[in-house]
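Each remark here refers to the structure printed beneath this line.
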Number of protein chains: 2
Amino acid sequence: MRIAIDAMGGDHAPQSTVEGAIAAAEEWTDTTIVLVGDTAVIEPLLQGKKLKNLVLHHTTEMIEAEDEPVKAVRRKKDASMVVAGRMVKEREADAMISAGNTGALMTTGLLVVGRMKGIERPALAPMIPTMDGAGVLALDLGANMDASPEQLVQYAVMGSIYRSKVHGLSEPSVGLLNVGTEAMKGNELTKAAYPLLEQAPIRFVGNVEARDVLLRPCDVIVCDGFAGNIMLKSMEGTASVVMKTLKQEFMRNVFTKLAAAVVKKGVMQLRQKMDYTEHGAAPLLGLNGLVLKSHGSSNGIAIKNAVRQARLALKNDLVNSISTEISKGSEM
Amino acid sequence: MRIAIDAMGGDHAPQSTVEGAIAAAEEWTDTTIVLVGDTAVIEPLLQGKKLKNLVLHHTTEMIEAEDEPVKAVRRKKDASMVVAGRMVKEREADAMISAGNTGALMTTGLLVVGRMKGIERPALAPMIPTMDGAGVLALDLGANMDASPEQLVQYAVMGSIYRSKVHGLSEPSVGLLNVGTEAMKGNELTKAAYPLLEQAPIRFVGNVEARDVLLRPCDVIVCDGFAGNIMLKSMEGTASVVMKTLKQEFMRNVFTKLAAAVVKKGVMQLRQKMDYTEHGAAPLLGLNGLVLKSHGSSNGIAIKNAVRQARLALKNDLVNSISTEISKGSEM
């Protein structure tokens, strides 16, 4: 299989992407890694390393973090991200990974790779870390701010298949993000989606409140992109503020510093648990090919892990499985 | 002034409401406190205490936490909450306070006290605790799951007046809860509301991301009730999980227990800061009278503090100030 990596995308690119590509090519010799980007900056980072299954694909442009997504994707035809997308579209690569501009990657997915037949809107599906370490796949987390009830059902089906194909869960449970657990709770969207989710070919476990998500009430949670963003950012903000305040408290005097040393390991573990950047790349589901979004701050290890995810998804025929299920739905 | 307290509402009622009523009547002799509820259970709790400005108003029914709000308010005409609402409606009381069923109190506000002329939907406006202790007034937090752009503007105006009249802020800043800070970010609702908020008679400071709310980016934040609930519950859930995990870490062995003792005070302070039940009662804004929702777990001190808030709002003519501003808006 061939996996294209947008070598120029991410806060630490191309150092991180090249490191990740080398590590992945070394570990999985059955996989060809295509590093897409400016060979003039990539080659020196290879430090003379030659691997049969690591190839470079030269591009002259790149999409910056501040670029306006749609404009950038339309105008920069030779940007590393866009070229990687085109390789997926034209079956020159089986999957692509990028740690670059999220909006631009979603646009690349939509305009370059293309929507899957029957899918109204593709969705971005990161893992939300949970206290037991298992995580909840949440979608949509920002690809579409508004959603229809039917779109939430498609998110549920796609998320369910992802968790079963890539994470090996049998019959993953799906919850609907809502303001209460009773069936009739919520806004117009969730009230209309609830009965549709009950009919969908998934294991629907009902409404899930935002305060319970960290306790892993389900394997997949569906929501519109706006509500999903509010949830994720509220969690991040709270965790960060609590950690920062604790740190200040621990730095107060020599006794608190000693106390800090004693519990440091536990606190670090907690911090790591809460850090959703540790939980792998987020798939963009509902496209005509596999696109994975690595966190902007990804290092080489994170990029290598994204390759691992892509391999699992490809081996288990994720995209075709989703397509088959969705086409059944549209026949109904 | 006369303030009616729903003596039967709240997890610790009537003990808490009676205690709070006595403390308030003792502190503010210019204020008559009307305890509305079953005198057979209230009187023994007074323990023979006689205060000129503390009167009882007997009712035979009460609304339970599990009651379906609209049904309960319609059927239980002599419920303590409904009777207190009727007193406000008929100007027998200047304000009412309840720690009972939130949904039922919102229904009482709407159906018994009545909507203010020009207001589309009243809003529940609790304070979100912030790290600097000052807090952000957030509305709507659950009175209406869906909102129109025009409703968000009314929330902004009402919240602004509340912060200036009750908290003494001059020109409080108002933010719009959103997924990014740029003007064109968001869903259909926030995109339509943004230009209207720019025109409104408030100090609008633009979009505010959920992750920044705890850093107090503004004095008032507006959102639809669904998004507001997701934000608040995500914050609560995260804070609670982090605190619980820390506690486990501190209990691990004798060294961590010693460490815990050293930082205990700081952690307790943080916990208190994060606890939104410590931040007073939430007004229901947009009604023809003053209605305050005390947290369900309120003790006597919280009830007394709600009386303090009600007095401030009454002294500063909150309801009329809102009504005047809203009627200007509807003339435009």
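No hydrogens, no waters, no symmetry mates; every other heavy atom, side chains included, goes into these values. Lettering follows sequence order; numbering is per chain, from 1.
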Heavy-atom cut-off 4.5 Å, strictly under: side chain, backbone, both or neither for [X] against chain A?
{"X": "B:Thr256", "result": "both"}
{"X": "B:Met131", "result": "side chain"}
{"X": "B:Asn144", "result": "neither"}
{"X": "B:Leu177", "result": "both"}

Please state whether the side chain, the backbone, both or neither of [X] comes within less than 4.5 Å of a heavy atom of chain B.
{"X": "A:Val213", "value": "neither"}
{"X": "A:Leu214", "value": "side chain"}
{"X": "A:Thr190", "value": "side chain"}

Problem - Validation row: A:Leu246, B:Leu246 side chains within 4.5 angstrom (heavy atoms) - result: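 With C-beta onward as the side chain, the pair touches.
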
Rounded to the nearest 0.5 Å, what separation is found between the [atom1] atom of [X] and the [atom2] atom of [Y]?
{"X": "B:Glu236", "Y": "A:Glu209", "atom1": "CD", "atom2": "CD", "value": "9.5 Å"}
{"X": "A:Asp212", "Y": "B:Ser240", "atom1": "CG", "atom2": "OG", "value": "9.0 Å"}
{"X": "A:Lys185", "Y": "B:Met145", "atom1": "NZ", "atom2": "CE", "value": "7.0 Å"}
{"X": "B:Glu68", "Y": "A:Met184", "atom1": "CD", "atom2": "CE", "value": "11.0 Å"}
{"X": "A:Asp146", "Y": "B:Asn187", "atom1": "CG", "atom2": "CG", "value": "4.5 Å"}
{"X": "A:Arg211", "Y": "B:Met235", "atom1": "CZ", "atom2": "CE", "value": "14.5 Å"}

Exercise for the section: List the steps and the verdict of side-chain contact (heavy atoms from CB on, under 4.5 Å) for B:Phe226 and A:Leu189. Expected result: CA-CA 10 Å; B:Phe226 190 85; A:Leu189 172 64; over 6 Å; no

Practice task
For B:Ile230 and A:Asn178, work out which heavy atoms get closest and say how close.
Solution key: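 That would be CD1-O, 4.1 Å.
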
Problem - More than 12 heavy atoms of other groups within 6.0 Å of A:Glu188 CD - result: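 At most 12 heavy atoms, drawn from other residues, nucleotides or ligands, come within 6.0 Å of this atom.
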
Practice task
For chain B, find which of A:Asn229, A:Asp224, A:Val179 contributes the most heavy-atom pairs closer than 4.5 angstrom.
Solution key: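 It is A:Val179.
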
